[in-house]
Amino acid sequence: MMAFLDPISYYLADKIYYLVCTAMFITMVGLVVIKPSRRLLGRIWRHWNGRVGLCFIAAHILISVFGPWLIPHDPYTQFDLGEIARYYPPGLEFPLGTDDRNRDFLARVVSGGRAAIAVTCLTAILAISWGAFAGIFLTLMPRWVDGVVMRIVDALISVPWLAFLLLAMTLFAGARGFSFVPIVGFFYSLAVLRVVRAHATTIVALDYVTAARARGHRISWIAFHEVLPNCRDVILVELAMRWTWLLLAFAVASFFGLMVEIPAPDWSLMIASSRTLFLSYPYLFWPPVIMLSTLVIGINFTADGLAKAIGLDRRAADMV
Amino acid sequence: MSRLLSRLISALFAAWLVATLVFVAVSARPGDLCTTMLDREVADIQKLVDCRAIHGLDKPFLTQYFNWLSGMLVGDFGRELRDPVKAESRRNRNVSDVIAPALDATLRLGLISAMIAIPLAMILGIASALMRNRWSDLAISTTLIMFMTIPEFAIATILQGIFAEWLGWTPAVFFGSKISNSSQFWMIAPLPIACLSLLMMAHIQRLMRSSMIDALNSDFARTARLNGIPRWRIILLHCLPSALPPTISLSALTVGYLLSGVTVIESVFNYPGLGRLLLNSLYDQQTYLAAAVVLILALMYIAINFVADVISMFVDPRQRGAA
Amino acid sequence: MLDIRELSVGYTENISGRKVEILSRVNLSIAGGETLGLVGESGSGKSTLGYAIAGHLSGLEIQNGSIDTKENPRIALVQQNAGQALTPTMSIGRQLNEVLKYAQVKNRTEKAFELMEGVRLPDPKSLMKRLPHQLSGGQQQRVLIALALARNPEILVLDEPTTALDASTKETLLELLAALQKSQGFAMLIVSHDLGIIRTACAETAVMYAGAFVELGNTEKIIKGGHHPYTRALVEALPHIEERLLPNAIEGTPPKPGARPEGCAFAPRCLYAEDKCRHAVPPLAPAQDTKVACFFPLVDLRKTSTAVPEPGEGKERLLAVNNISVQFKQHGGQIFKALDDVSISLNTGETLGIIGESGSGKSTLLRCLAGLQNYSAGEMILEGAEDFDRPVEKRKRATQRRLQMVFQNPSTALNPNHTIERILEIPYALYEPKSSRSERSNAIRRELDLVRLTDQHLIKRPRELSGGELQRVALARGLIARPDLLLLDEITSALDVSVQAAVLDLLVKIQRSVGCAMILVSHDIAVMRSISHKLVVLKNGRIVEAGLTEQILSHPKEAYTQSLIKSAKAITA
Ligand SMILES: Nc1ncnc2c1ncn2[C@@H]1O[C@H](COP(=O)(O)OP(=O)(O)OP(=O)(O)O)[C@@H](O)[C@H]1O
Ligand code: SF4
Ligand SMILES: [Mg+2]
């Protein structure tokens, strides 16, 4: 059998990242411009955590879209600074100093989320679309199909994803980076499936679904036209929530050196390598930590605000 | 009782399915155990055949599967292989001998953190539900959310930096391959326990808070208020029993994530538990060992969820009545 | 005992800081041993007044006026929805014991038994050990009353005490309350939207509209000849159990708090409104034998109800169900017969009523006809359709089209995500897949017109419409297929009486113009009497009596039917 995917191509991740960022930027502008979504944003804004979340996300998008233009240095260039061979302290030239190879740390911090955002975005979309699809269809299937599948899901959900990811990586040496997408995506989709199914069950019990069945519509029609639109809110919140957990998951995997190749900038790798320097060079430790956490908090809080704005019980969507 | 039984059956089914999954993953990799092992040596067909005979890899797939499964049942997880041919070599220990101390260390770590974190988080959750949307609730919730969103290795590093390197209260990392006595354990354990507890608390506090708010806003809480029952009794005797079960079972579900957290924390502190063992076996290409650790982690998860179900059955008389 | 003056209750909006009144300037007084009824449509502020009296206004504030009571009164309130109002994790005995403990009662066990017997709960000893979900709805309601009585109240407020109960349980509960009041002498305030139970239980009645009292006085006088236009309209909207007459609807919807009109709140819907009404608020002032808040109280007593037409001539057989049975497997393998050997038949253009208590199998029968439920024996024949005995997904489109269903609760029967236009378009597009855009929009408009809605409704979504409007949309959705048979499952029981009247009126008009047959399921005999031609009485899955509605209701043969009619009469206006 073949390995899941080729080792991560940072190039590819970079492209996806730009796509994601541009899409987010356009969405952001669109959300503000288009009226109904502006109303939704307004409702998220009303909750304090939604407000904090939106601010953090907007800051991240702005930094990642415009940051590389404003920063004079490239994250890969190693500077020759005479006596000081590494760890150049923060100053005018290098606002955050330089790292162990004398690379501009600010440039690295600004572009350090690329692989994480690209890979986790793909994973979240995969997990959500597959989980939501299966969750909705299960509720319309005969009872025994649902029973059997849920038993299997309950069993599979008990595999700790990190352990399984590690196992897969021992077995398929070289399966790095993008194999995160199918493996972790699959395990996260199980949790999504449970949440969406729980919600869809309440919807399928409602009379408008019965009415559609009595009219003679096919199951697939009912799933897409009657059930899916009413699960949209749950799915949206799930997407945001899963994305935050996936960012953390990616960070952990990357911390173990499983995700990106060494010279590429990545927040977790930066944290991992400056870990021992935590007290002596705090400026190499805190910026990536802050960047990663603010992104996670931003998405998490926005999802929270979104859930409150649309009046959803968020407990079920908590991490599983 | 029938309910308990059906939970037990589905737990056993889950265990079986996971075992099968791990076995399939192990056997589906390119080549087999012996080709990986012998990769570094001269490719010698005879050696390969010998090796396969020793490990039963020449048998049909299904026989291998049943051997493996029955081995699991009696705690025989295969062998940790350094030298694939000489099965009697000193370094080829049984996997179970390697796992036992690691499992012990991880369980100790996990249980102590759970005993600290769960009650504390529940109390904090109830407290913030009672003071919901006031500054104290905000303070508790946001602090804990911070710990939830900062990656665990960063938290571990920060604690290490402050308490071990700066204040020098504990050693930063553990040296050695296993914990031999309890004073050694208490030397190294405080920081990992603190880390793991913080990781757990955020989730449980959130769940407890929202279940408790639901219960406090319910019609039955209002009836109790209308009938002149004092506030503390409403909270403890009327609301808590219905708020606890969902919290317990949902927290048990988050354990899967926490088990991954254990791996990280153990590796940061070099704590000789299952997580570190898993990572080491990954770097050493110790397939059977890695598979066994994954399996044990999954079984732990299944067991925890089973226990959580049983506990909620005891807390909530509705579920007991149906049993 | 209780004296309320100029009480206004409301809340302050978060962002704008605007004060919104839910109750406005309510005056009320009750003496010990008296019973006051409080009627009004949903959202009129009845429950809010109850909570204000009990001193538990969560999230609301008293904006004006006062509630005067004698010192430290003992006020008990029995909440709406008994099912959710008892702590689910605590046994009945413990809940009673706890309340008694904090009411400082000495012999708690004895007193608990006394209370349980007082509310006529059977076998108190075993009930004490049970959890709330192991009781029936009526028993839960009685436990809740026992809890309230445990503190020996001087004022007892009951919020919708009978909503979840069927007719005979209702009757016994009301008798029980009267007996308890006699022995303990407390004052009672019964809040309900049901004029029937108010008439049975209360000597005095206050009619509420949009947070204010519009009429206050002797119950009989209010019901027989209220002077406020709203009171009169409300009474006329009730279906008649004695006569075959259609009730009268009140057009329009009640205003929401914060959107109440200046002047008389009823003015937009009032047939007698004049300019003055739109500027000044009429005070509650004595007028003849009651107190009325109206500038132009009504004097004459006229009745405007219309009779229901009989189905026309030339009827043909449409549907026959012969000896059908449906079984469910229960936990533990027992077999439960939801329908047992049931036969019905129906001609074109007729309305068949199916009546029975909850659990008698009414909805199961409809689900069988709709092809949503498998049956174990018997046959179903729809003229001209040979695939009618199959489940719905195996029927031909033409057969599916001939039978349409409308559900009890309009707010769950319409997809909240679709616009009204889309809701109506879906069935039309399903049955007329080749239709052009303009054909579809013509059909939609035609249907809207038929149920008396306008084009403005097309772009709205269900949550923007009121219950009555929603039920009309649901009807239109069924009618757009031009079915031969319309299945109506309790379609008026989730609606207020005034809206119910409008829907019943609409059904009769639709049948006259479209000519489809209808099967109407209901537990309300008066509704049946006003519109159904034939009637089937179901009990525990078996037919008790079947025949022409008039005949059965005026000369019931079976004891069960007689008792149904008797308890319905006992508590209707
Ligand atoms: N805490 C609150 N905040 C805002 N609005 C409220 C609050 N409580 C009640 N209302 C509003 O006040 C109005 C009256 O409510 P109330 O529950 O008293 O009506 P009701 O007559 O008892 O209706 P029903 O027959 O449906 O029980 C409703 O429109 C309701 O939405
Ligand atoms: S005051 Fe005028 S509008 Fe109000 S009820 Fe009387 S007649 Fe109608
Ligand atoms: Mg009410």
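Naming: A, B, ... by sequence-line order, numbering from 1 per chain.
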Participant: If we define contacts as heavy-atom pairs under 4.5 Å, which of C:Arg395, C:His418, C:Glu393, C:Arg401 has the most with chain A?
Facilitator: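 Answer, by heavy-atom pair count under 4.5 Å with chain A: C:His418.
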Participant: Are the charged groups of C:Glu490 and C:Lys362 less than 4.0 angstrom apart, N to O?
Facilitator: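 A salt bridge is present here (some side-chain N lies under 4.0 Å from a carboxylate O).
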Participant: So for C:Gln404, is it side chain, backbone, both, or neither that comes closer than 4.5 Å to the heavy atoms of chain A?
Facilitator: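 The side chain, not the backbone.
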Participant: Could you look at C:Arg397 and say if it's the side chain, the backbone, both or neither that has a heavy atom under 4.5 Å from chain A?
Facilitator: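 Only the side chain of C:Arg397 comes within 4.5 Å of chain A.
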Participant: Measure distances from A:Arg232 to the heavy atoms of chain C and classify the residue's part below 4.5 Å as side chain, backbone, both or neither.
Facilitator: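 Interface part for A:Arg232: side chain.
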Participant: Is any side-chain heavy atom of A:Leu193 closer than 4.5 Å to one of A:Leu138?
Facilitator: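 Yes, their side chains come closer than 4.5 Å.
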Participant: For the residue pair C:Leu365 and C:Ile344, establish whether any side-chain heavy-atom pair is separated by less than 4.5 Å.
Facilitator: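 Heavy-atom side-chain distance check passes, below 4.5 Å.
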Participant: Quick one: of C:Val406, C:Leu487, C:Thr412, C:Asp489, who has the most non-hydrogen atom pairs under 4.5 Å with chain A?
Facilitator: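 If we count pairs closer than 4.5 Å to chain A, C:Thr412 comes out on top.
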Participant: Quick check on C:Arg367 against chain A: is it the side chain, the backbone, both or neither that has a heavy atom closer than 4.5 Å?
Facilitator: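 Contact with chain A is through the side chain of C:Arg367 alone.
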Participant: C:Ser493 and C:His523: side-chain donor and acceptor closer than 3.5 Å?
Facilitator: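 No - no donor-acceptor pair under 3.5 Å links their side chains.
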Participant: When you compare the side chains of A:Arg197 and A:Thr139, does any donor N or O come within less than 3.5 Å of an acceptor on the partner?
Facilitator: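 Absent: no donor and acceptor within the cut-off.
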